[in-house]
**Q** 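Before we start, here is the structure in question, set down as structure tokens.
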Amino acid sequence: MSVLSGKKILLGISGGIAAYKTPLIVRLFKSLGSEVKVVMTPSAIDFVTPLTLSTLSNHPVYSTFTTESQDNPVWNDHVALGKWADLFLIAPATSNTLSAMVHAKCNNLLVATYLSSTCPVYIAPAMDLDMYAHPANQENIKQLNGLGKKVLPVGEGFLASGLHGKGRMLEPEEIIRFISEDLKAGLPLNGKKVLITAGPTYEPIDPVRFIGNHSSGKMGFALAEEACRLGAHVVLVSGPTVLEASSAIERHNAISSEEMYALAMHHFSATDIAIAAAAVADFKPRKVGSQKIKKENALKAIELEPTQDILAQMGRLKQNQYLVGFALETEDEKNNAIKKLKSKNLDAIVLNSLKDKGAGFSLDSNKVTFIDKIEKAISFELKSKSLVAKDIFSQILSRYA
Ligand code: CTP
């Protein structure tokens, strides 16, 4: 999943030759799951058509303060446009536009929108060699940087004038990479590794039969997606499930508790935060039939032995990891969860409620209580598992140094 997925991007295009590359910028944002709206200066229309940009963005393109509708001018609300955006990219940003931005010279819709916007602003300048090097432009860039706007570097190479040097707008791919990396760097779990176990385990009886449970894996997968959204490198160790994880998640599949144990142990030492959301079987058949057990054998009982407790072992090995477990209790819930937190050496435990309608196994919603080491408990309402994952991570982040 890209950091740009689901983001509302406003692309501001000013009138320079590099504007001919902007349809590709729109395409790249859209391919990463962003929604894009375009605002242009009137002179940018000489370089790229609004029709191309509206077709690619699936939104009307704005370049004037008003639009004629049945002989009546209708205001193109630059304030609403500025507030709509999660991120404003101005590319190409010409000398004229940079200067207007610095001096609040609101003589076109693009600059008016910029002055009304409150989201992060990225600026990709594009100018000819000496224009870009001119102290006036360098001073404007410095001032915009000083205001917290992110001015991208320029590319070096062949310029429209025939000169060679610095001033080209970065290529669309480079612009997207710059923004993605900058956004990632600001995420709270950037550079952290998060390990999550999810789903059921199947403990083999013979080659065709197993002991399993009804866990769908939805809670663990929602946690993995949330950790990924927060910038972590996520290792998801999943039991058998039909669920799919985003491509950015490093997924490893396990069938039995033994396989899940081996995978979790392999990844645990390099982990910063580990969450055991899997419903691991507590017992497994002592002997696994090498052939399908025939009914003539009149099997009367399956002898069971305990599985290895993956979470408890992580608790024993724990050094600096923040370790979170889940507890599913049916009686004396909070006290039993706290006992589990202590006995498995956890930093926090998430108590699942089976009593509440709409919460638990296989469902899309859950109702949890987050309990930390000092036994501080925070209960949340019944909500979708993706929102529960957000609650859990906000609790972890407020405690994890
Ligand atoms: N867990 C685990 N490995 C096991 C059993 C449990 O990693 N073999 C983890 C689960 O992923 C969960 C936590 O331990 O995070 C608690 O699981 P739960 O089934 O509620 O508790 P148990 O420790 O198995 O105890 P009991 O079933 O007796 O309540």
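Numbering of residues begins at 1 and proceeds along the displayed sequence. Computed from heavy atoms alone, side chains included, the values below leave out hydrogens, waters and symmetry copies. Whatever order the structure lists ligands and atoms in, that order sets their numbers, starting from 1.
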**Q** Can a donor-acceptor pair be found between the side chains of S246 and E225 at a distance below 3.5 Å?
**A** yes

**Q** Scan residues 185-206 for pairs that pass ring-ring contact (aromatic ring centres under 6.0 Å, His included), counting only residues two or more places apart or in two chains.
**A** Y202-F210

**Q** Tell me whether the centres of the aromatic rings in H266 and H252 are closer together than 6.0 Å.
**A** no

**Q** Between ligand 1 and the protein, find all N/O pairs closer than 3.5 Å and give the distance for each.
**A**
from     : atom 1 : to   : atom 2 : distance (Å)
ligand 1 : 3 (N)  : D309 : OD1    : 3.4
ligand 1 : 3 (N)  : I310 : N      : 3.0
ligand 1 : 7 (O)  : L311 : N      : 2.9
ligand 1 : 8 (N)  : T307 : OG1    : 3.4
ligand 1 : 8 (N)  : Q308 : O      : 3.0
ligand 1 : 11 (O) : A276 : O      : 3.4
ligand 1 : 11 (O) : A278 : O      : 2.6
ligand 1 : 14 (O) : K344 : NZ     : 2.9
ligand 1 : 15 (O) : A276 : O      : 2.7
ligand 1 : 15 (O) : F326 : N      : 2.8
ligand 1 : 15 (O) : F326 : O      : 3.3
ligand 1 : 20 (O) : L328 : N      : 3.3
ligand 1 : 20 (O) : K340 : NZ     : 2.8
ligand 1 : 21 (O) : K340 : NZ     : 2.8
ligand 1 : 23 (O) : K344 : NZ     : 2.6
ligand 1 : 24 (O) : D282 : OD1    : 2.9
ligand 1 : 24 (O) : D282 : OD2    : 3.3
ligand 1 : 27 (O) : D282 : OD2    : 3.1
ligand 1 : 29 (O) : K340 : NZ     : 2.8

**Q** If you look only at pairs with a residue in residues 114-170, which of them pass as a ring-ring contact (aromatic ring centres under 6.0 Å, His included), with sequence neighbours excluded?
**A** none

**Q** Could you give the side-chain donor-acceptor pairs of residues 371-378 under 3.5 Å, partners two or more places apart or in another chain?
**A**
from : atom 1 : to   : atom 2 : distance (Å)
D372 : OD1    : I374 : N      : 3.1
D372 : OD1    : E375 : N      : 3.3
D372 : OD1    : K376 : N      : 2.9
D372 : OD2    : R399 : NE     : 2.8
D372 : OD2    : R399 : NH2    : 3.3
K373 : NZ     : D347 : OD1    : 3.2
E375 : OE2    : K342 : NZ     : 2.3

**Q** Would you indicate whether E258, at its atom CD, is surrounded by more than 12 heavy atoms from other residues, nucleotides or ligands within a distance under 6.0 Å?
**A** no

